[in-house]
Amino acid sequence: MANKKIKIKLNNVEKEFESKNPLKLKEVIEGAPYLENSNIAIIKGVKQEISESAMKYRIKTTGGAFILKVTEESPVVDFWNKNYKKFEDKNLRWKSVSDVAFGNITIDLNVNTESADFERWDVLLSISGLDKSEGHLVFMRKDNTEAYGLHNPKLGILIGGKRQLANLKPSDKIISIDLLRESKESVDYEVTTDLNTIIEDGWEIYTYCELNLKGPAKTTEHALSIFENGYIEVSQSSNTFISDSRLQTLKIDDLNTLPREKGTVTVRNTGVGMGKVYIYKESRTSSLSHTNVGKVVDGQELINFSTKGIVTTISKPERINLIGKSIKDALKILNEYDIELENKEDFSNSDVEKVIVEQTPNYTLDLLDAKKVTLKAVNPDNILHIKIYDKKAPKSAWYFRKLTGLTTKRIGILKTYFKHQDMAMFERNLEYAKALLPENTPKEKLDGNKIAITNMVKKYKGYAGIRTSSSDKYGPTGETFEGTNVVGEIVKNEGVLKSLKPKDEIYLYEEIE
């Protein structure tokens with residue numbers, strides 16, 4: 001049998017293969033950027049033009065016409081598609097600073113009381129007062145975090161008639177709602193992690209997504225820490241974006257109002273989803289709730305088609321985070337980027353194995369701009385090695401990492417608040433400590449070298465503590481057991497605690513199993 005020639009496009013580069021046997025995906029992607037078990041997008045072709053619903057609706061009111069583009073897939077959208085005509089002849093029920101609503105109709109779906117984040121121009125269904133007969137069609141006038149009585153109540157976005165929304169009057173009502181139809185092309189694609197997939201001639205294959213990250217330095221660093229290990233985790237997916245929730249709830253200070261075009265990378269800076277990183281499949285208007293930090297420059301196809309799993313990413317620039325590295329390894333990195341060590345006189349030849357615990361500037365973009373850095377390093381024996389109980393105390397573990405900086409850095413820091421004999425207490429972060437419910441509380445006796453957090457049962461919630469001896473009455477923060485969440489333990493170098501004084505800082509290294 002003669003060899004068969006197969007031409008494909010791999011990450012936008014033409015490739016040709018010749019083989020007697022069926023060509024497998026693992027042969028095609030050999031040498032290409034790819035993280036094991038991450039998504040691979042295969043585009044098999046574009047189907048012929050078909051005429052079908054474009055999922056757009058014209059909503060004509062006495063105050064003007066609006067165009068709704070449905071972007072979601074959910075029971076709420078299914079209900080809308082079957083029942084949208086019921087909103088015809090319905091009056092404007094309310095108009096507030098945040099939203100405008102028409103209704104009412106009966107929406108026979110499960111009621112949900114959880115709040116969610118919504119953006120200006122989002123369109124959703126709501127159930128008011130948990131009464132299913134009080135169903136409304138709602139147009140968002142500004143970003144808002146609110147409960148609308150349904151799980152995932154969003155239908156889509158307003159793409160026409162935005163200016164008219166502010167001019168609606170109490171006497172206005174919906175005249176008609178019509179489904180718009182148009183022709184469109186349908187992409188025949190597959191997203192897979194199966195490297196034994198058989199590849200055919202003419203297919204396009206994408207193994208990674210390249211990102212150019214350049215926004216406010218602190219928030220860009222937040223995104224770089226997400227991508228530092230070479231992937232984005234698809235925690236949430238809609239027709240307009242994918243998002244990664246691994247650093248959700250971390251405080252974001254920077255704001256900008258740049259457009260969110262297709263491929264834009266943003267970090268949510270407020271609300272329930274604060275700290276989530278988004279990449280957009282379609283363009284959206286700018287939002288004060290999102291800080292723009294970059295853009296996809298290659299591999300947008302993987303973003304467009306991924307609904308779960310992980311996507312291999314290449315970030316430019318790469319994150320420059322020297323914390324946790326030895327002086328010897330850090331000097332190699334600084335030399336690679338032509339960055340000057342300003343306080344080199346602080347280190348001798350015998351210090352090369354010391355571990356870096358602080359760097360200034362702290363953020364990659366500032367570091368690349370300044371081309372200078374100041375480092376602080378300590379003897380490895382002066383770093384407290386710990387283990388964190390993620391399974392036993394997940395909420396306390398997340399709080400402790402945020403308190404110490406271990407969410408995004410290899411070495412964490414605690415500032416000493418109080419020290420007495422075998423017990424040390426450390427300062428808290430009240431903003432992060434708001435919802436520290438009791439978990440993994442001791443029962444009869446607590447062994448020594450345990451790390452604990454005061455939970456919200458007690459007045460001084462959020463303080464961290466370590467006690468080197470055991471106790472059958474009090475936890476490491478001096479609280480009784482019901483107010484003590486045990487979050488971890490010391491693994492190595494407990495001697496660091498002996499000479500602590502108030503305001504002293506201790507450095508922590510988390511050992512991962």
Side-chain angles (χ1 to χ4, degrees), residues 247-251 272 274-275 357 382-409 411-513:
L247 294 182
Q248 183 172 331
T249 72
L250 283 186
K251 186 177 180 181
V272 175
M274 182 171 59
V357 292
N382 292 330
I383 297 174
L384 193 66
H385 287 232
I386 64 171
K387 176 182 176 183
I388 296 177
Y389 298 157
D390 284 297
K391 293 182 179 179
K392 296 179 182 178
K395 291 183 179 179
S396 300
W398 182 230
Y399 168 78
F400 187 75
R401 288 197 180 93
K402 289 192 289 186
L403 178 67
T404 58
L406 284 169
T407 49
T408 59
K409 296 178 181 177
I411 301 291
I413 300 177
L414 280 174
K415 183 175 286 187
T416 307
Y417 174 72
F418 173 82
K419 174 71 165 58
H420 179 69
Q421 296 180 351
D422 65 338
M423 186 179 77
M425 282 181 60
F426 305 94
E427 294 188 0
R428 59 181 171 172
N429 184 312
L430 263 178
E431 184 174 355
Y432 288 146
K434 292 176 182 176
L436 277 172
L437 295 170
E439 61 178 359
N440 199 33
T441 56
K443 298 299 183 283
E444 297 178 356
K445 181 181 178 181
L446 184 63
D447 293 334
N449 285 345
K450 297 295 184 181
I451 306 167
I453 304 292
T454 300
N455 63 43
M456 61 191 303
V457 169
K458 300 295 183 177
K459 179 179 179 181
Y460 297 105
K461 62 179 179 291
Y463 281 104
I466 302 173
R467 184 191 293 273
T468 54
S469 64
S470 62
S471 175
D472 56 5
K473 291 183 179 180
Y474 300 105
T477 60
E479 302 286 0
T480 50
F481 284 175
E482 72 271 13
T484 302
N485 289 358
V486 182
V487 71
E489 65 183 67
I490 298 173
V491 175
K492 181 180 176 183
N493 295 341
E494 61 269 18
V496 170
L497 303 171
K498 289 183 179 179
S499 58
L500 280 183
K501 300 183 297 296
K503 302 300 181 184
D504 281 354
E505 292 181 336
I506 65 167
Y507 300 101
L508 312 171
Y509 175 80
E510 180 187 355
E511 294 194 357
I512 308 295
E513 291 184 344

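The shown structure was predicted, so the numbers you read here are calculated from the model rather than taken from an experiment. Only heavy atoms go into these numbers, but all of them, side chains included; no hydrogens, no water, no symmetry mates.
T404 and K409 are not linked by any side-chain donor-acceptor pair at a separation below 3.5 angstrom, with hydrogens and angles left out of the test. Between the side chains of E479 and T477, no donor-acceptor pair of N or O atoms lies under 3.5 Å.
The two residues D390 and A397 come nearest to each other via the heavy atoms OD1-CB, 3.5 Å. Heavy-atom minimum distance, Y432 versus T249: CE2-O, 3.4 Å. L250 and M274 make their closest contact through O-CG, 3.4 Å (heavy atoms, listed as atom of the first residue, atom of the second, distance). For the pair T484 and T441, the tightest heavy-atom approach, listed with the atom from each and the gap, is O-CG2, 3.1 Å. Q248 and W398 get closest at one heavy-atom pair: O-CZ2, 3.2 Å. Taking every heavy atom of both residues into account, D504 and S499 meet most closely at OD2-O, 4.0 Å.
Around NZ of K395, the count of heavy atoms belonging to other residues, nucleotides or ligands within 6.0 Å does not exceed 12.
The backbone N or O of Q421 lies less than 3.5 Å from a partner atom in the side chain of K419, making a donor-acceptor pair. Between the side chain of E439 and the main chain of S396, a donor-acceptor pair closer than 3.5 Å is present.
Side-chain contact between F418 and M423: present, with at least one pair of heavy atoms (C-beta onward) separated by less than 4.5 Å. Using a 4.5 Å cut-off on side-chain heavy atoms (C-beta onward), L500 and F426 make contact. The shortest side-chain heavy-atom distance between M456 and L437 falls under the 4.5 Å cut-off. Looking at heavy atoms from C-beta onward, Y399 lies out of side-chain contact with K434 at the 4.5 angstrom threshold. Counting heavy atoms from C-beta outward, L497 and I490 have side chains that approach closer than 4.5 Å.
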For this session: Carefully, step by step, assess V357 and Y509 under the rule side-chain contact (heavy atoms from CB on, under 4.5 Å).
Result: CA-CA 10 Å; V357 292; Y509 175 80; over 6 Å; no
For this session: Assess whether side-chain contact (heavy atoms from CB on, under 4.5 Å) is satisfied between L406 and I386, documenting all intermediate values.
Result: CA-CA 11 Å; L406 284 169; I386 64 171; 4.3 Å; yes
Exercise. Can K458 and E482 be said to form a side-chain contact (heavy atoms from CB on, under 4.5 Å), step by step?
Worked result: CA-CA 9 Å; K458 300 295 183 177; E482 72 271 13; 3.3 Å; yes
For this session: List the steps, then state whether side-chain contact (heavy atoms from CB on, under 4.5 Å) holds for K492 with I383.
Result: CA-CA 9 Å; K492 181 180 176 183; I383 297 174; over 6 Å; no
For residues 460-468, please give each side-chain donor-acceptor pair under 3.5 Å, one per line with the distance, not counting sequence neighbours.
from, atom 1, to, atom 2, distance (Å)
R467, NH2, G475, O, 3.2
T468, OG1, D422, O, 3.4

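Salt-bridge annotation for K251 and E431: present, with a side-chain N of the basic residue lying under 4.0 Å from a carboxylate O of the acidic one. The pair R401-E510 counts as a salt bridge, with a side-chain nitrogen and a carboxylate oxygen less than 4.0 angstrom apart.
Legend: residues meeting side chain to side chain contact (heavy atoms under 4.5 Å, CB included) with E489, ordered by chain and number and at least two apart, are K387, Y389, K450.
Here the CD1 atom belonging to I388 is positioned 11.0 Å from the CD atom belonging to E511, to the nearest 0.5 angstrom. N449 contributes atom CG, which lies 8.5 Å from atom CG of L384 (distance to the nearest 0.5 angstrom). Atom CZ of residue F400 and atom CG of residue L414 lie 5.0 Å apart, to the nearest 0.5 angstrom.
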